[in-house]
Protein chains: 2
Amino acid sequence: MPREPHAPAEPRAPRADAQRNRDHLLAAAATLVTEQGTQASLRDVARRAGVGLGTLYRHFPTREDLLEALLGRRFEHLAARADTLAATEPAERALTDWLHEFTLDAGAYHGLPATLMATLSDPESALHALCLRMRQAGGRLLAAAQQEGVIRPDVTALDLFALANALSWITDQAPTLAERRDHLFRLVLDGLRPRP
Amino acid sequence: MPREPHAPAEPRAPRADAQRNRDHLLAAAATLVTEQGTQASLRDVARRAGVGLGTLYRHFPTREDLLEALLGRRFEHLAARADTLAATEPAERALTDWLHEFTLDAGAYHGLPATLMATLSDPESALHALCLRMRQAGGRLLAAAQQEGVIRPDVTALDLFALANALSWITDQAPTLAERRDHLFRLVLDGLRPRP
DNA sequence: GATTAACCGGAGCAGTGCTCCGATTGTCAA
DNA sequence: TTGACAATCGGAGCACTGCTCCGGTTAATC
């Protein structure tokens, strides 16, 4: 198929070496961020990927861009999961199950809860859109639960996002409390129920 | 009074210049930490105090030591306040009021909630003892409230500490949510009440 | 006023994030 | 096949960080 001269310039596919480097960077980032958290040294990531520092910054201008690439699939899946749960579970169960899964994902890497929370104040962050979709997904489940009267009406999707992140943050910050994790989760969730 | 040769060596008072430098360092730290948070550059602190970097590290070997000195009085006061409230208010009121004040103090500096939370896993930290006293003060109020049956019995002082810090962390991390602060506080607190 | 232990300051090291630009290389037309 | 060129690369370099170490200074004491 010949290229169309006046067409809106279909972006040419990236060069093979560029694609290869990008893949190597993502693989290196995945292991290092898993081991050391979201604050892992970018120099180390480049080194492990067998690539110069400039190459890393060209592919991922900010740390958030790199994290976004790392978290993309995981969070896509989580958003889809919200709809699945909404279709197959009672509203309350759907909400609590999804929130539970969200707290697990939000705590996937050390330092991630803080990074996610910070995007609230920074619309420029590459993670902002990702977090927005999470809030919307959670918001739908929340609305359904509120419709049924099992969750207080004065709880917003933002409240939910903040509290879920805060729960992830607790165990992220103090591994000692890992065993209290589910207990704290239940305590906070109980606070969202209407008082009879 | 002549000094006693064999006595357990009463620690000699610090040299005047040392005391002066210490004061300057604390003043500089107070302003810089207020402006920039617990991660303020220690070089800047020393510079502002008109003192060498070595001097800072001699007086405060770790960042936590510096913060401990900065927070000492404030937290002493908070611990005392717990007893005052216990003596003058009904148990539930005493607990919620104190927790509210705690969340304010824990959020006094940007980054402080995270620093406080981290001491749970680090008994060597200079802040560890300070946090322990906070947990004990809160624990006394908690026990009284549980005695009266207004707080669930499966809530521990550690749970309380973690949740209060998490609440402080939310507004610390996302200033946007400052207006939801009291609302979130009430939500979480409601979760601690026994369900009828 | 002399002695000395306590104290001081900052040079120096290893690490960080990020930029910038000369060298290299994949790709596509001739 | 062979250019030519744009896309891509890699790391030197800058400004910053935490922290150590040690020769010089000074306050307190005899």
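Since the model is a prediction, treat every value here as computed from it, not as a measurement. In what follows, chains carry the letters A, B, and so on, assigned in the order in which the sequence lines appear, proteins first and then strands, with residues in each chain numbered from 1.
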Report task. Map B:Ala18 and A:Arg20 onto DNA chain C by nearest heavy atom, then report which one ends up closer to the 5' terminus. Result -> B:Ala18
Query - Residues A:Thr31 and A:Arg48: side-chain donor-acceptor under 3.5 angstrom - result: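 Indeed, the side chains of A:Thr31 and A:Arg48 share at least one donor-acceptor pair under 3.5 Å.
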Query raised in the report: Under 4.0 Å between a Lys/Arg side-chain N and an Asp/Glu carboxylate O for A:Asp23 and A:Arg20?
Result: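 Not counted as a salt bridge, because no side-chain N and carboxylate O are separated by less than 4.0 Å.
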Requested in this report: Go through residues 32-43 of chain B and report each residue with a non-hydrogen atom lying under 4.0 Å from DNA chain D, sorted by number.
Outcome: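 Hits under 4.0 Å, by residue number: B:Ala40, B:Ser41, B:Leu42, B:Arg43.
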Requested in this report: State whether A:Phe102 and A:Arg133 meet the cation-pi test: NZ (Lys) or CZ (Arg) under 6.0 Å from the six-membered ring centroid, and within 45° of the perpendicular axis.
Outcome: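 Judged by the rule (NZ or CZ under 6.0 Å from the ring centre, within 45° of its axis), A:Arg133 is not positioned above A:Phe102.
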Query - A:Arg74 to A:Tyr109, cation-pi by 6.0 Å centre distance and 45° axis angle - result: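 Flagged: A:Arg74 positioned over aromatic ring of A:Tyr109.
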Query - Listed partners of A:Leu26 passing side chain to side chain contact (heavy atoms under 4.5 Å, CB included), at least two apart - result: A:Arg22, A:Phe60, A:Leu66, A:Ala69, A:Leu70
[N] [atom2] sits how many Å from [X] [atom1], rounded?
X       : N      : atom1 : atom2 : answer
A:Asp65 : C:dG17 : CG    : C1'   : 15 Å
A:Asp17 : C:dC28 : CG    : P     : 12 Å
A:Arg22 : D:dG10 : CZ    : P     : 16 Å
A:His24 : D:dT8  : NE2   : C1'   : 15 Å
B:Leu67 : D:dG18 : CG    : P     : 12 Å
B:Glu64 : D:dC19 : CD    : P     : 9 Å

Requested in this report: Name every residue in residues 51-60 of chain B that has at least one heavy atom under 4.0 Å from any atom of DNA chain C, in order of residue number, or write none if there are no such residues.
Outcome: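 When residues 51-60 of chain B is checked for heavy atoms under 4.0 Å from DNA chain C, the hits, listed by number, are B:Val51, B:Gly52, B:Leu53, B:Gly54, B:Thr55, B:Arg58, B:His59.
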**Report entry** Identified side-chain hydrogen bond (donor to acceptor under 3.5 Å, both in side chains) counterpart of A:Asp190 within the set B:Arg195, B:Arg152, B:Arg193
**Finding:**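 Among B:Arg195, B:Arg152, B:Arg193, the one meeting side-chain hydrogen bond (donor to acceptor under 3.5 Å, both in side chains) with A:Asp190 is B:Arg152.
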**Report entry** Over 12 non-hydrogen atoms of neighbours within 6.0 angstrom of NE2 in A:His77
**Finding:**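 It does not: A:His77 NE2 has 12 such atoms or fewer within range.
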Requested in this report: Classify the side chain of B:Arg15 versus the base of D:dA28 as yes if they form a donor-acceptor pair under 3.5 Å and no if they do not.
Outcome: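 A donor-acceptor contact between them is absent.
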**Report entry** Any B:Asn21 side-chain N or O less than 4.0 Å from OP1/OP2 of C:dC7
**Finding:**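 Checking C:dC7 against B:Asn21, no side-chain N or O comes under 4.0 Å of OP1 or OP2.
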Query raised in the report: For A:Asp65, does its backbone N or O pair with a side-chain atom of A:Thr62 as donor and acceptor, under 3.5 Å?
Result: yes
Query raised in the report: Would you say A:Thr156's side chain and A:Asp159's backbone share a donor-acceptor pair under 3.5 angstrom?
Result: yes
